[in-house]
Amino acid sequence: MPELPEVETVRRGLEAKLIGATIADVSVRDRRLRWPVAEDFERRVVGSRVERIERRSKYLLFRLTRAGPNDVPITAGTLLAHLGMTGSFIVHEAGAAPELRTHDHLEFQLVRSGSALPLTLLRYNDPRRFGSMHYFGGEDSAQPLLAHLGPEPLTDAFTGEHLYEQTRRRTGPIKQALMDNGLVVGVGNIYANESLFRAGIHPARAANRISLARYERLAREVKTILNEAIAAGGSTLKDFVNASGEPGYFQLDYFVYGREGEVCKVCASPLKHMRHGGRATVLCSVCQR
DNA sequence: CCGACAACCTGTGAGC
DNA sequence: TGCTCACAGGTTGTCG
């Protein structure tokens, strides 16, 4: 489900609700995620305070601290979470939480300093269990899952020049290159389809046969579409919800994704359908060359 | 290094 | 109604 805009939407929601709260307890109802939740996960995070919530690629990083001498907070470590295809984090107000659902795999109980009550509940639900939950101390760069990621698309490090330089030896389709986390992170199947349409580039075009000028256009379109999607609260195709359990609306603005069999919104030509790396690609062969 | 593919899971919708 | 099949937003690992 979630690509960068959806994860960023969740991050903002969690940040608004959880910063400054302390994890009083964690219950892991099912350890079987993408990787098994470590046996010492609960012991490592309980008692920590949520200092910041950051995003790197599609990972959420909960930066945790503990009370040191004289109540000075000291860095404790990072809770690293990924939503996979179907993961969701939902925060429930104390006393107003619904029954646990199927696939609610973890539940965090959080408290505000100064009062033991009320409790806030943070639930992680993930039907397909492609998501993950880790705890680590130390530097991000020492984490295998974070060590080899390319630049964030919404930073100045991501440019058309970067794309151009990094694709000189790539003869495969640009669409697959764009979805390669070593080249740029956060662009999944939906936004790869959409940004290529907006940039007028055919998804099957060999990555090393695209000019610098066209890559500059593509980098701009990627930034624009991700920002627009974040502003719309992400896309809800099926089951994406933010930290309050509400859907996003950006899917209403798709030009091509999921529109196979329909016509191009720009030129009215029938959209075409193909597959790259097992993923559905939709394009307009008139608008995209 | 690059690229294709299977694998990890459950749920859903289409077609018969 | 019920069965089977294809497919779904992500990422890793293996193999050629």
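A note on names: the letters A, B, ... follow the listed sequences, proteins ahead of strands, and every chain is numbered from 1.
Between the C1' atom of B:dA7 and the CH2 atom of A:W35 lies a distance of 12 Å, rounded to the nearest Å. For the pair A:H276 NE2 and B:dC5 C1', the computed distance is 15 Å after rounding to whole Å. If you take CG of A:N208 and P of B:dC1, they are 17 Å apart, rounded to a whole angstrom. Whole-Å rounding puts the A:Y254 OH to C:dA8 P distance at 13 Å. When rounded to the nearest whole Å, the span between CG of A:L4 and C1' of C:dT11 equals 15 Å. For A:L183 and B:dG3, the CG to C1' distance is 14 Å, given to the nearest whole Å. In this structure, the CG atom of A:N125 is 19 Å from the P atom of C:dG9, given to the nearest Å. Counting to the nearest Å, the P atom of C:dG13 and the NE2 atom of A:H148 are 10 Å from each other.
Electrostatic pairing of A:E54 and A:R11 does not count as a salt bridge here, judged by no charged N lying under 4.0 Å from a carboxylate O. Here A:E3 does not pair with A:K58 in a salt bridge; the nearest charged N to carboxylate O distance is not below 4.0 Å.
A:R214 meets the salt bridge (charged side-chain N to carboxylate O under 4.0 Å, His left out) test with no other residue; sequence neighbours excluded.
Separating the P atom of C:dC3 from that of B:dC9 is a span of 24 Å, rounded to the nearest Å.
For A:L237 and A:R34, each mapped to the nucleotide of DNA chain C holding its nearest heavy atom, the one lying further toward the 5' end belongs to A:L237. Summary of the strand contacts: A:G277 and A:Q166 both lie near DNA chain B, and taking for each the nucleotide with the nearest heavy atom, the more 5' one is attributed to A:Q166.
A distance-only check finds no donor-acceptor pair linking the side chain of A:K175 to the backbone of A:R205 [under 3.5 Å]. Judged purely by atom type and a 3.5 angstrom limit, A:T9 has no side-chain atom pairing as donor or acceptor with the backbone of A:N242. No donor-acceptor pair under 3.5 Å is formed between the side chain of A:Q288 and the backbone N or O of A:H202.
Taking the six-membered ring for Trp, A:F62 and A:F89 have ring centres closer than 6.0 Å. Between A:F255 and A:F197, the ring center distance clears the sub-6.0 Å criterion.
A:S132 comes within 4.0 angstrom of nothing in the nucleic acid, heavy atoms only. No contact: A:D126 has no heavy atom under 4.0 Å from any strand.
Between A:R275 and C:dA8 there is a side-chain N or O to OP1 or OP2 distance below 4.0 Å. Within the structure, a side-chain polar atom (N or O) of A:Q176 is placed less than 4.0 Å from OP1 or OP2 of B:dA4. Close to C:dG10, at under 4.0 Å from its OP1 or OP2, lies no side-chain N or O of A:N189. One finds a side-chain N or O of A:Y257 lying less than 4.0 angstrom from the OP1 or OP2 phosphate oxygen of C:dG9. Contact between the side-chain N/O atoms of A:R279 and the OP1/OP2 oxygens of C:dG10 is found at a separation under 4.0 Å.
With distances taken from any side-chain atom of A:F240 to the nucleotides C:dG9, C:dT12, B:dC2, the minimum falls on C:dG9.
When hydrophobic clusters are built by joining Ile, Leu, Val, Met, Phe, Trp and Tyr residues whose side-chain heavy atoms come closer than 4.5 Å, directly or via intermediates, A:V45 is grouped together with A:L122. Under the 4.5 Å side-chain heavy-atom criterion for grouping Ile, Leu, Val, Met, Phe, Trp and Tyr, A:L149 is not connected to A:F158 through any hydrophobic cluster.
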- Message: At under 4.0 Å between heavy atoms, how does the protein contact nucleotides 9-16 of chain B? Give one character per nucleotide, 5' to 3', with B, S or -.
- Response: BBSS----

- Item | Nucleotide-level pairing of DNA chain C, given in dot-bracket where Watson-Crick and G-U pairs need both distances under 3.5 Å and | marks other strands | .|||||||.|||||||

